[in-house]
Amino acid sequence: MALQRNDAPPDHQEIAITASDPALSKGGTPSAGTATPAVELRGITKRFPGVVANHDINLTVQRGTVHALMGENGAGKSTLMKILYGMQKPDEGTIAINGEQVEFNTPGDAIVRGIGMVHQHFMLADNLTVWENVVLGGEKLHGIGATAKAKIKEISDQYGLGVRPDALVEDLGVADRQRVEILKVLYRGAKILILDEPTAVLVPQEVEALFGNLRELKAEGVTVIFISHKLHEVLSVADAISVIRRGTTVGDADPADVTARQLAEMMVGAELPSPESRESTVTDVEMLKVEGLRIAKADAEGIERVVLDDISLRIRKGEILGIAGVEGNGQAELVEAIMGMLPLDAGSVVLDGADLSGSLTRVRREAGIGYIPEDRHKHGLLLEAPLWENRILGHVTEAPNSKGVLLDPAAARKDTQRIVEEFDVRTPGIDVTAASLSGGNQQKLIIGREMSHDPKLLIAAHPTRGVDVGAQAQIWEQIRGAQREGLAVLLISADLDELIGLSDTIRVIYRGRLVADADPATVTAEDLGTAMTGAAAGHIESPPEAVAEAHAIAIEGTEAEAAEAAEAETAEAETAGAETAEAEAETAEGDQPTDTADGNAQAGE
């Protein structure tokens, strides 16, 4: 299987890959050809103090295509898209839209040119209707009354979005909210659509529905730039793929002629990782017992709604219990109830024989609960604080962070350096702010912090969301290693392959109740997704042939794992002297005022 490179300049070489693996069907032929490209970026360079975020990037996106942009966390994708969307100005290089060279000073300039961006974190007001959210900020386009509603309905029908203008946003599921975000930018006239990790929170059925929407958009001449870490999804929907690594474009690939394993190699220089568990480590010792949890919360209208209804579960030492569910069905409340962040109306939480039901969050932390939060910016980090201060968060009263009632900054700094080295946190030093790290490195810092206190129970909420395949592999191995030492893990993830690969047992949560269970060895992501939508209950088991096929896909490209690991170790040894420079390049996306402001905005949500 050979990679054949053309004679393009060394900073951007198209990679033609021939392989026996057939590409997944995308259901449509791109309209690309000799026509003027929708987007042309030439020689884009962006520097920040001490860091080059983008270096001489070239990117061509043809009209009416889905163009995937891939790369490691910190590779420069976000910076590049912020430049295209007018949030930042390049230091060098040119931008051409539909053949005309342009300069963007603000996102408003980009919107005028027909560019829209749907961010990974949705920006919708829950207490407003769909049409109110769409019209907000665009009142001059079609007014705020019947004309606006009619336009929204017209766009929805034209692109097959199925949006209901009068629906209250808080009543919508994640997939519907995403379609509202897409409709918002189309309403403003976007013909070039940037989607940042659009499938991160969707179940398989919702992913396929989204891809159907993208094909409709493509058929209507809309150009889509699709940023994703999910390799198989990119192969199924993209017409072209560009890979960015360490701030520069390293190659283009044709989805018809490339495999997920080869894409992973282009991105991170390693094989595609698999979360597949090895031998069972489950013991007979019960570590967590949750019994009859019930929590009711008042909604925006003051109506009390039950968000957790008679939840009971057990986790033993050495066991990973996976919770599957569409977001908004009680997962967040379950975590907050166990952590002591939400008061219980009924039920109990017992850790290692000790009843913690009425205890403060700090007491539960000290009792041995580690916590990887769903939103690392909101609950896991102080973005403006240095790494060593973030190491103290959640463990203020514990060694090495404190001596008695006083903090011990020197010991905390020393231990932060150990975490950086042990958990491969790519950073120029421990005094940089958390905002200056890429998402994957922020996540590794949090995991290192939580693992450093030898927890009895680890609550891992979406531990690999938004991180690249290299960071994924490291995070999975850290969790597996702790599991082998007897750690009990409550794993909540929207990545069903991750749930199936890591968990010993899976429970499905739907509308605040545990409605189904599954053995990861006998269930597929598709059947698990069906149960998550409420269409199946009880014990879920898939046909053996379907399980075998899913298993084969999950482990694709890992047959040479040992050899690749050896090669990676050799490469690491050869490039050890350049580690600091590489770390600076990978942390560039957050090391600037705009990124920091973004982080603060998310932390304040």
Side-chain angles (χ1 to χ4, degrees), residues 21-32 38 61-70 77 116-120 122 155-163 172-186 190-242 253-260 263 326-327 465-466 494-498 524-530 532-533 535 549-550 553-554 556:
D21 307 30
L24 298 172
S25 173
K26 295 181 285 296
T29 302
S31 59
V61 180
Q62 300 294 343
R63 293 186 193 179
T65 64
V66 176
H67 193 112
L69 185 63
M70 307 191 71
K77 304 184 304 296
M117 185 167 181
V118 176
H119 299 271
Q120 184 176 350
F122 298 154
I155 295 173
S156 177
D157 293 342
Q158 180 181 357
Y159 297 107
L161 295 174
V163 170
L172 301 181
V174 176
D176 287 329
R177 291 177 185 228
Q178 187 172 71
R179 283 189 281 271
V180 173
E181 288 278 22
I182 293 173
L183 195 146
K184 275 174 59 179
V185 297
L186 295 175
K191 287 295 182 181
I192 299 169
L193 186 60
I194 304 169
L195 298 181
D196 187 4
E197 295 287 348
T199 65
V201 296
L202 304 182
V203 300
Q205 291 86 344
E206 292 171 334
V207 170
E208 189 50 48
L210 172 65
F211 288 175
N213 294 144
L214 296 187
R215 293 176 187 119
E216 290 284 347
L217 290 167
K218 185 172 70 170
E220 294 289 337
V222 175
T223 303
V224 179
I225 300 177
F226 183 89
I227 302 172
S228 178
H229 291 99
K230 297 186 178 181
L231 306 179
H232 289 288
E233 290 181 358
V234 165
L235 291 176
S236 75
V237 75
D239 299 305
I241 302 171
S242 293
D254 183 345
D257 298 318
V258 69
T259 66
L263 276 180
V326 177
E327 289 204 9
R465 173 177 290 174
D495 185 337
L496 300 189
D497 291 329
E498 178 174 74
T524 64
E526 288 71 23
D527 288 336
L528 203 54
T530 298
M532 290 164 60
T533 61
E549 182 181 353
I553 293 174
E556 177 190 351

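Atom set for the values below is all heavy atoms of this structure, side chains included, hydrogens, waters and symmetry mates excluded. Fair warning: this is a prediction, and the values are worked out from it, not measured in the lab.
Side-chain contact check for Ile241 versus Leu235: some heavy-atom pair is nearer than 4.5 Å. Between Val118 and Pro198, every side-chain heavy-atom pair lies at or beyond the 4.5 Å cut-off. For the pair Leu186 and Leu217, the minimum side-chain heavy-atom distance is below 4.5 Å. Residues Val61 and Ile192 have side chains not in contact (no heavy-atom distance under 4.5 Å, counting atoms from C-beta outward). At a threshold of 4.5 Å between non-hydrogen side-chain atoms, the residues Gln62 and Asp239 do not count as touching.
Separating the CD1 atom in Ile194 from the OG1 atom in Thr223 is a distance of 11.0 Å, to the nearest 0.5 Å. Once rounded to the nearest 0.5 Å, the distance linking CG of Leu195 with CD1 of Ile182 reads 5.5 Å. With rounding to the nearest 0.5 Å, the separation of OG in Ser242 from NZ in Lys77 is 12.5 Å. A distance of 11.5 Å separates OG1 in Thr65 from CG in Leu214, rounded to the nearest 0.5 Å. Going from atom CG of Asp196 over to atom CD of Glu181 covers 11.5 Å, rounded to the nearest 0.5 Å. Here Glu233 contributes atom CD and Phe211 contributes atom CZ; the two are 4.5 Å apart, rounded to the nearest 0.5 Å.
Here the shortest heavy-atom pairing between Ala190 and Gly116 reads CB-N, 3.8 Å. Glu220 and Lys191 get closest at one heavy-atom pair: O-NZ, 4.2 Å. Across every non-hydrogen atom of Ala525 and Leu496, the tightest pair is O-CD1, 3.4 Å. When all heavy atoms of Val66 and Lys218 are compared, the closest pair comes out as N-CD, 4.0 Å.
In this structure Asn213 satisfies the side-chain hydrogen bond (donor to acceptor under 3.5 Å, both in side chains) test with no other residue, sequence neighbours excluded.
Looking at Ser228, its side chain never comes within 3.5 Å of a backbone N or O of Val234 through a donor-acceptor pair.
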